[in-house]
There are 2 protein chains.
Amino acid sequence: MKNTKQRKVILEIINRSNEHLNAYDIYEEARKTLKNISLGTVYRNLNCLCNENLITIVNDGQEKKRYDKIEKHQHFICTRCNKIIDIYEPIIKPLKKYENNLVMNYKIILEGICEKCLKEEENGIKRK
Amino acid sequence: MKNTKQRKVILEIINRSNEHLNAYDIYEEARKTLKNISLGTVYRNLNCLCNENLITIVNDGQEKKRYDKIEKHQHFICTRCNKIIDIYEPIIKPLKKYENNLVMNYKIILEGICEKCLKEEENGIKRK
DNA sequence: TACTTAAATAGTAATCATTACTAATAAAAG
DNA sequence: CTTTTATTAGTAATGATTACTATTTAAGTA
């Protein structure tokens, strides 16, 4: 795997960000540094970086893919506003095996309603 | 929400299946009962049923969406062959709250290499 | 039971995220 | 410095999903 400047920029954007960016967000951010970088390059690198386990996909299933740094943390996703909140406290003890399958990674997604949406609901701003 | 025969058929397919079907699989299965059902109807109903919490999305992030019944279980996904294995044993105690966010559901995805792929690797069939 | 109306449908067209393709470029190795 | 081979920019193609529209139908009401 060649260490191109495009790949470095993409990886840096993800590692520096505290948000959960999608491919196009990353493309726009990368263009601030490399004005000619192409969207295809971003996608190709995101896939490479995922395969090499240098980044990970945040996976809420209702939206397009978002990418995140690899440090172990989990996510809470609000089903009202789609906000993603990082969880750093360990929730489960990592399993090494499930039956005879080798477990190498795990993702936990808590779904629910975030604090802000709960308050708005109380105040009748967003009554269903 | 009207109780149409299309919606009933779609929900039944998901509840009866032990596989993790995508929208097109469900469309093909539904056509065995309703020969004129349209793919758009399948998609629309899958979204309705998800919003009503009558079905759920199986979410491995690397592939198109797959749908599953709602009974509480979690998933192991093989990163080699994309096989999805259901896990019925509880892995975490359900949380009611995370900080001030209301937790209504959780999804756990264990990623790794399934028994079959491990064996094939040992036998050198699928050496990387 | 017939009438009304609002939601759902079939069929098709459009959208949009992602991937594939190609000639040109640039890491990395010798 | 030259060679090799992956990577790139730019664009076209793909394919999952959504939107649109005239028609149908579930379900409420007289």
Side-chain angles (χ1 to χ4, degrees), chain A residues 1-14 17 19-68 77 79 82 84 128, chain B residues 1-14 17 19-68 77 79 82 84 128:
Chain A
M1 194 154 86
K2 284 189 189 173
N3 191 21
T4 64
K5 54 178 189 280
Q6 289 84 348
R7 185 162 299 154
K8 270 185 267 178
V9 165
I10 291 167
L11 186 54
E12 258 188 37
I13 288 167
I14 294 166
S17 171
E19 295 171 76
H20 303 90
L21 306 170
N22 63 41
Y24 200 84
D25 295 334
I26 294 164
Y27 168 64
E28 284 189 319
E29 191 62 29
R31 288 220 295 179
K32 293 179 185 171
T33 314
L34 304 168
K35 22 184 191 333
N36 289 329
I37 195 171
S38 86
L39 186 54
T41 297
V42 172
Y43 273 106
R44 197 171 357 84
N45 277 291
L46 289 172
N47 286 336
C48 289
L49 292 168
C50 278
N51 288 337
E52 299 289 322
N53 273 307
L54 295 170
I55 61 170
T56 187
I57 294 175
V58 183
N59 199 348
D60 66 344
Q62 304 285 8
E63 278 200 333
K64 62 191 112 168
K65 290 176 193 167
R66 305 197 209 177
Y67 297 85
D68 204 355
I77 297 177
T79 56
N82 287 318
I84 298 179
K128 259 201 155 174
Chain B
M1 193 156 88
K2 284 189 188 173
N3 191 21
T4 64
K5 56 180 187 283
Q6 288 86 345
R7 183 161 299 154
K8 269 185 267 179
V9 165
I10 290 167
L11 186 56
E12 258 187 37
I13 288 168
I14 294 165
S17 172
E19 295 171 76
H20 303 91
L21 307 170
N22 62 41
Y24 200 85
D25 295 334
I26 293 164
Y27 169 64
E28 284 189 319
E29 191 63 29
R31 289 221 295 180
K32 293 178 185 169
T33 314
L34 304 168
K35 20 185 193 335
N36 289 330
I37 194 170
S38 87
L39 186 54
T41 298
V42 172
Y43 273 105
R44 196 170 357 83
N45 277 291
L46 289 173
N47 286 338
C48 288
L49 293 168
C50 279
N51 287 338
E52 300 288 321
N53 273 305
L54 295 170
I55 62 171
T56 188
I57 293 175
V58 183
N59 198 346
D60 65 346
Q62 305 286 6
E63 276 200 333
K64 63 189 114 172
K65 291 176 192 168
R66 304 197 210 177
Y67 297 85
D68 203 356
I77 298 178
T79 55
N82 288 318
I84 299 179
K128 258 200 157 175

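These numbers come from a predicted model, not from an experiment. Lettering of chains follows the sequences in order, A, B, ..., and the numbering in each one begins at 1.
- When heavy atoms are screened at a 4.0 angstrom cut-off, A:R44 is found touching base atoms of the nucleic acid.
- Using a 4.5 Å heavy-atom threshold, the side chains of B:L54 and B:I14 count as separate.
- As a whole-Å value, the separation of B:L46 CG from D:dT18 C1' is 13 Å.
- Within the 4.0 Å cut-off from OP1 or OP2 of D:dA9, at least one side-chain nitrogen or oxygen of A:T41 is found.
- Candidate nucleotides C:dA10, D:dT8, C:dA8 were compared by shortest atom distance to the side chain of B:I37, and C:dA10 ranks first.
- Not a single donor-acceptor pair, N or O on each side, falls under 3.5 Å between the base of C:dT18 and the side chain of A:K65.
- Between A:Q6 and C:dA27, a side-chain N or O to OP1/OP2 separation shorter than 4.0 Å is absent.
- Atom CG in A:N47 sits about 13 Å away from atom P in D:dT7, given to the nearest Å.
- Between A:N3 and A:K8 the shortest heavy-atom distance is OD1-CG, 3.6 Å.
- Using a 4.0 Å cut-off, some side-chain N or O of A:Y43 falls inside it from OP1 or OP2 of C:dT18.
- Backbone-only contact: B:N3 has heavy atoms under 4.0 Å from sugar-phosphate atoms and none from a base.
- In this structure, B:L34 places its CG atom 17 Å from P of D:dT24, rounding to the nearest Å.
- Counting distance only, with no hydrogens placed and no angle test, the side-chain atoms of A:K64 and the base atoms of C:dT18 include no donor-acceptor pair under 3.5 Å.
- Residue A:T4 has a polar side-chain atom (N or O) positioned under 4.0 Å from OP1 or OP2 of D:dT8.
- Regarding B:I26, its CD1 atom lies at a distance of 14 Å from the C1' atom of D:dA16, rounded to whole Å.
- C:dA27 atom C1' lies 13 Å from atom CE of A:M1, rounded to whole Å.
- With DNA chain C read from its 5' end, the first of the two nearest nucleotides for A:A23 and B:N36 is the one closest to B:N36.
- Of all heavy-atom pairs spanning A:R7 and A:K2, the tightest one is NH1-O, 2.9 Å.
- At least one side-chain nitrogen or oxygen of B:N45 sits closer than 4.0 Å to the OP1 or OP2 atom of C:dT9.
- Comparing A:K2 and A:G40 by the nucleotide of DNA chain D that holds the closest heavy atom to each, the one mapping nearer the 5' end is A:K2.
- Rounded to whole Å, the distance from CD1 on A:I57 to P on C:dA17 is 16 Å.
- Without hydrogens or angle criteria, A:D25 side chain to A:N22 main chain gives a donor-acceptor distance under 3.5 Å.
- Distance A:L21 CG to C:dA17 P: 15 Å, rounded to the nearest Å.
- The shortest distance between side-chain heavy atoms of A:I26 and A:E29 does not fall below 4.5 Å.
- For the pair B:Y27 OH and C:dT12 P, the computed distance is 10 Å after rounding to whole Å.
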